[in-house]
Amino acid sequence: MAYKNREESKELKMLRLLNARMELTTQEKNRYLFMKKGFDGEVQFDQVLERAGLDNRFYVLNDLLLKCDGTIFQIDSTLITQHSIIPFEIKNSDGNYYYQDNNFYSCKTKSEIKNPLHQLDRIQTMLRKLLRKNGFSLHVEGYVVFINPEFYLYQAPLDEPIVYFPQLNNFIKELNSKPDVLNDSHRKLADFLLKEHITDFPIRDLPRYSWDSLRKGLMSACCGSLAVNVSGSMMECLHCGTVESVESAVVRSVEEVRLLFPEIKITTSIIYEWCNKLYSKKVIRKILIKHFSLIGYGKWVYYE
């Protein structure tokens with residue numbers, strides 16, 4: 001198991017909810033899909049490491065957001081081995097690209113795209129500085145991983161730290177061959193990075209929304225659709241066919257309201273409305289009492 005698990009960022013969670021409950025602009029939709037695709041690629045890389053057992057041999061820290069000298073930088077995946085710390089920049093790009101004059105270009109549009117090697121260089125520079133300032137001397141050796149099998153780079157450089165999908169198995173074998181004698185200094189480094197991880201990074205430029213502007217209803221845990229059929233204590237998604245308990249969907253609805261409207265107190269009436277009145281207030285109240293703490297009395301009751 002990874003020393004730091006990966007989870008969706010707060011921004012991605014909010015965009016996912018808003019995508020299901022309102023009409024996003026083309027730009028907002030593209031932003032959401034871009035972030036989702038990136039996250040999916042990172043999860044795919046996590047699964048590769050897990051299948052290889054690397055998370056049992058080394059310290060794996062996913063999705064670190066760090067700060068050094070006033071500069072914030074993000075590392076998709078970090079592997080602490082006996083002799084080195086390996087930051088990975090994971091790319092889930094697909095399609096055809098070409099490499100020219102130290103830059104990446106799309107074959108389709110001929111336009112220049114952000115060079116992931118430059119991103120990796122920045123990450124490595126900042127990570128080395130952060131570690132050195134705090135008394136850690138482990139060698140930093142990063143890689144860009146193109147996780148998507150449908151990505152192809154023409155004129156690819158041979159002397160850059162790039163791992164393509166067809167090379168991934170051999171690359172993992174090489175990592176598995178590394179010595180795995182980790183000691184207290186490695187644990188202290190992992191704990192230091194966990195402590196330095198930023199959890200309250202502000203989100204900017206979210207789509208404008210309000211309680212009245214959002215579609216209400218129980219959302220499928222699998223595909224995010226609001227097209228569901230409630231029968232007894234179970235709920236079926238009419239889009240993907242996923243079946244789950246209404247109880248789990250109601251509990252998830254509470255987390256949705258908390259995320260989108262942190263200023264609103266959770267009450268039976270609020271969740272009843274958020275679920276589009278698909279279930280009775282009586283049942284919703286029982287679920288809230290079971291899973292949350294009851295605060296206050298009478299009409300002032302709310303849940304935390």
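In this chain, numbering begins with 1 at the start of the sequence shown.
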Set of side chain to side chain contact (heavy atoms under 4.5 Å, CB included) partners for Leu294, sequence neighbours left out:
Val301, Tyr303

Is any NZ, NE, NH1 or NH2 atom of the basic residue among Lys195 and Asp191 found under 4.0 Å from an Asp or Glu carboxylate oxygen of the other?
no

Indicate yes or no: at least one non-hydrogen side-chain atom of Asn30 is less than 4.5 angstrom from one of Thr26.
yes

Assert yes or no for the condition that the ring centre distance of Tyr97 to Tyr154 is strictly below 6.0 Å.
no

Which residues pass the side-chain hydrogen bond (donor to acceptor under 3.5 Å, both in side chains) test with Asn169, sequence neighbours left out?
none

Just one of Ile266, Ile284, Leu214 clears the side chain to side chain contact (heavy atoms under 4.5 Å, CB included) bar with Trp274, so which one?
Leu214

Minimum side-chain heavy-atom gap Met14-Leu260 below 4.5 Å
yes

Check: Ala227 main-chain N/O paired with Ser225 side-chain donor or acceptor under 3.5 Å
yes

Quick one: do Glu11 and Arg31 make a salt bridge, cutoff under 4.0 Å?
yes

Can you tell me if Gln27 has over 12 outside heavy atoms packed within less than 6.0 Å of its CD?
no

Glu141 and Tyr143: side chain to side chain donor-acceptor pair (under 3.5 Å), yes or no, with the steps?
CA-CA 7 Å; Glu141 176 190 14; Tyr143 294 89; 2.8 Å; yes

Could you tell me whether Gln167 atom CD has more than 12 heavy atoms of other residues or ligands within 6.0 Å of it?
yes

Is the closest side-chain heavy-atom distance between Lys67 and Glu196 below 4.5 Å?
no

Check step by step if side chain to side chain contact (heavy atoms under 4.5 Å, CB included) holds for Leu189 and Leu131.
CA-CA 9 Å; Leu189 173 55; Leu131 298 184; 3.5 Å; yes

Side-chain polar contacts of residues 15-24 - donor-acceptor pairs under 3.5 angstrom, sequence neighbours left out - could you list them?
| from | atom 1 | to | atom 2 | distance (Å) |
| --- | --- | --- | --- | --- |
| Arg16 | NE | Glu8 | OE1 | 3.3 |
| Arg16 | NE | Glu8 | OE2 | 3.4 |
| Arg16 | NH2 | Glu8 | OE1 | 3.0 |
| Asn19 | OD1 | Lys29 | NZ | 2.8 |
| Arg21 | NH1 | Arg215 | O | 2.7 |
| Arg21 | NH1 | Gly217 | O | 3.3 |
| Arg21 | NH2 | Gly217 | O | 2.7 |
| Arg21 | NH2 | Glu256 | OE1 | 2.9 |
| Glu23 | OE2 | Arg215 | NH1 | 3.2 |

For Tyr164, enumerate each residue passing the side-chain hydrogen bond (donor to acceptor under 3.5 Å, both in side chains) test, keeping only those at least two apart in sequence or located in another chain.
none

Ser177: side-chain hydrogen bond (donor to acceptor under 3.5 Å, both in side chains) partners, not counting sequence neighbours
none

Mind jotting down which residue pairs meet the ring pair (Phe, Tyr, Trp, His ring centres under 6.0 Å) criterion with at least one end in residues 55-87? Sequence neighbours excluded, please.
Tyr3-Tyr59

Under the side-chain hydrogen bond (donor to acceptor under 3.5 Å, both in side chains) rule, collect the residues that match up with Ser106, sequence neighbours excluded.
Thr109

Check Asp76 with Lys91, please: is the shortest side-chain N to carboxylate O separation under 4.0 Å?
no

Is there a side chain to side chain contact (heavy atoms under 4.5 Å, CB included) between Val228 and Leu218 once you walk through the steps?
CA-CA 7 Å; Val228 300; Leu218 291 170; 4.3 Å; yes

Ile147 vs Leu168 side-chain heavy atoms within contact, under 4.5 Å
yes

4.5 Å side-chain heavy-atom contact, Pro116 and Gln119
yes

Nearest heavy atoms of Val60 and Leu54, plus distance in Å
CG2-O, 4.2 Å

Listed partners of Lys129 passing salt bridge (Lys or Arg N to Asp or Glu O under 4.0 Å), at least two apart
Asp69

Please determine if Lys216 forms a cation-pi arrangement with Trp211, meaning its NZ or CZ atom is less than 6.0 Å from the six-membered ring centre and no more than 45° off the ring axis.
yes

Counterpart residues, salt bridge (Lys or Arg N to Asp or Glu O under 4.0 Å), relative to Glu42 (two or more places apart)
Arg6

So, do Phe192 and Phe136 have ring centers that fall under 6.0 Å from each other?
yes

With a 4.5 Å limit on heavy-atom distance, are the side chains of Asp180 and Thr81 in contact?
no

Is there a side chain to side chain donor-acceptor pair (under 3.5 Å) between His186 and Asn183? Walk through the geometry before answering.
CA-CA 6 Å; His186 298 94; Asn183 55 36; 2.9 Å; yes

Does any part of the side chain of Arg51, heavy atoms only, come nearer than 4.5 Å to the side chain of Val48, both counted from C-beta?
yes

Can you give me every donor-acceptor pair (side chain of residues 246-253, partner residue at least two apart or in another chain, under 3.5 Å) with its distance?
| from | atom 1 | to | atom 2 | distance (Å) |
| --- | --- | --- | --- | --- |
| Glu247 | OE2 | Lys290 | NZ | 3.0 |
| Glu247 | OE2 | His291 | NE2 | 2.6 |
| Ser248 | OG | Glu244 | OE1 | 2.9 |
| Ser248 | OG | Ser245 | O | 2.8 |
| Ser248 | OG | Ser245 | OG | 3.2 |
| Arg252 | NH1 | Glu244 | OE1 | 3.1 |
| Arg252 | NH2 | Met219 | O | 2.5 |
| Arg252 | NH2 | Glu244 | OE2 | 2.8 |
| Ser253 | OG | Ala249 | O | 2.9 |

Can you pull out every ring pair (Phe, Tyr, Trp, His ring centres under 6.0 Å) where at least one residue sits in residues 24-50? Sequence neighbours excluded, please.
Phe45-Phe88

How long is the straight-line distance from CG of Leu49 back to CG of Asp55, given to the nearest 0.5 Å?
7.0 Å

Any non-hydrogen side-chain atom of Val140 less than 4.5 Å from a side-chain atom of Pro87?
yes

Can you run down the ring pair (Phe, Tyr, Trp, His ring centres under 6.0 Å) pairs that involve residues 222-247, sequence neighbours left out, and say none if there aren't any?
none

